[in-house]
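A short write-up of the structure that comes next.
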Amino acid sequence: MPELPEVETVVRGLVDDLVGTTAVEASISWHKVLGGMSLSEFNETIRGRKITAMFRRGKYICIECSGVYLVIHLRMTGRLYLSDAAEGEDKWVRFTLALDNGKNLAFSDARKFGRVLLTRSLDFLEEKLGPEPLTLKPADFIQILKGSSRAVKVFLLDQKKIAGVGNIYADESLHKAGIKPGRPTNKLRVAEREKLGACIQESLQAAIDHEGASISWYRKPDGGRGESQEHFLVYGRGGEPCYTCGTPITKIVLGQRGTHYCHKCQT
DNA sequence: CGTGGGACCTGAACGC
DNA sequence: TGCGTTCAGGTCCCAC
C-alpha cells in the first residue's frame, strides 16, 4: 500500500488501542517476516514489555515497547490490524503478536515483501531516511530539491532525500505543481521547487484526510477503505482526460515505475 | 554519482 | 474454463 498517508492512517487507527497493552507472545507463519531474527529470540526480547508509544517515520511504523522497537514496513500489500484470537479468515497473516487484553496485533501481507523487525535503536532508520515532508518549510524544499541531475520524479521516490513519498503522491504532486516528471531536478527554478514542496505537502495532507488510497490491498486497521483514490488527478488515469484541460493523461515508465502526467498542463 | 536490470513474492486483471 | 502474460502502492543489490 503504503505511502506516507496510508501508513499514517494505520498508525492513527491503532495507537490508542495499542499503547498501554503488554506483549505476551508472537507467532509467525513465514520465517522471513522477522528479517533474520529467530522467533525465540524475538519472543525473549519482547515478552512482557508494555507498549509505550506508536508513531510513523517515513513509510515505517514504529511501536515502542518499553525500550525496544517493533519496526514494521508494509511494502506493497501489508496490512496491520487488531483481531480477536478466535478469528482466522485472513490467509495472508504472516505475524501476530498476542496482547494481554486478549487481542492480537496481526500483520498480513500477500506478497511477503513486508517485514516486522525488533530493534533496540532506530538509528538505522535515520541513516536511510531523509526529513519528514509535512514539517519542512519552503526554504527546506528549495534547498533539498537542488543539485541533482536525476529526473525529479525519480528524485522524489528516493527516501534518503524526502521520507514517505511514493509512486502515487509523486505523480500527484508533480501534476499539481505543473512540472513534468522527467525534468532534471537541478533544472527546476527556485519558484518551481518551492511550488513542488507546497504541492507535496498538499497532496499528502489531503490523502491523510481521506484516510489513504485503497486501490487494491490497502485497508484501514478497522477494515474500511480509504478514499484518497477518489481524488487522484493523474495516477492510474492513463488515457483519460485531464480534469484541467481535457488532454489524455500520458503514461510512461520512469525509474522503472509507471508515471502519469498531463503533457499540456505540466511543463 | 547515476541508471538500468533483476530480485524478492503473490494475486488480480486481461487476452486468447 | 483455463493458461500465459503483465502489472502492482517498495526497497535492495549489482553491473556498467
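The sequence lines fix the lettering, A, B, ..., with proteins before strands; numbering per chain opens at 1.
- Taking atom OH of residue A:Tyr60 and atom P of nucleotide C:dC12, one finds them 5 Å apart after rounding to whole Å.
- When rounded to the nearest whole Å, the span between CD1 of A:Ile162 and P of C:dT11 equals 14 Å.
- Phosphate proximity of C:dA8 to A:Thr77: absent, as no side-chain N or O sits under 4.0 Å from OP1 or OP2.
- The gap from the P atom of B:dC9 to that of C:dG4 amounts to 23 Å, rounded to the nearest Å.
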Salt bridge (Lys or Arg N to Asp or Glu O under 4.0 Å) assessment of A:Arg56 paired with A:Glu132: CA-CA 10 Å; A:Arg56 177 193 59 73; A:Glu132 286 292 321; 2.8 Å; yes
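- Side-chain to base pairing of A:Gln159 with C:dG10: no donor and acceptor N or O lie closer than 3.5 Å to each other.
- Taking atom CH2 of residue A:Trp217 and atom C1' of nucleotide C:dC7, one finds them 14 Å apart after rounding to whole Å.
- Taking the six-membered ring for Trp and the full ring otherwise, the centers of A:Phe42 and A:Phe95 sit less than 6.0 Å from each other.
- Here, B:dC1 and C:dG10 have their P atoms 24 Å apart, quoted to the whole Å.
- Closest contact between the side chain of A:Lys251 and the listed nucleotides C:dA8, C:dG10, B:dG2 involves C:dA8.
- Atom CD of A:Gln256 and atom P of C:dA15 are 16 Å apart (whole Å).
- Checked options A:His175, A:Lys176, A:Lys180, A:Arg183; the residue passing with A:Gln266 is A:His175 (criterion: side-chain hydrogen bond (donor to acceptor under 3.5 Å, both in side chains)).
- Comparing B:dC9, B:dG11, C:dG10 by their closest approach to the side chain of A:Lys112 singles out B:dC9.
- With P as the reference atom, C:dC3 and B:dC8 are 25 Å apart, rounded to whole Å.
- A:Asp171 places its CG atom 10 Å from the P atom of C:dG10, with the value rounded to the nearest Å.
- For C:dT11, neither phosphate oxygen OP1 nor OP2 lies less than 4.0 angstrom from any side-chain nitrogen or oxygen of A:Lys128.
- Here A:Phe113 packs flat against the base of B:dC8; its ring centre is closer than 5.5 angstrom to the base's six-membered ring, tilted by less than 30 degrees.
- Note: CZ (A:Arg111) to C1' (C:dT6) measures 12 Å, nearest angstrom.
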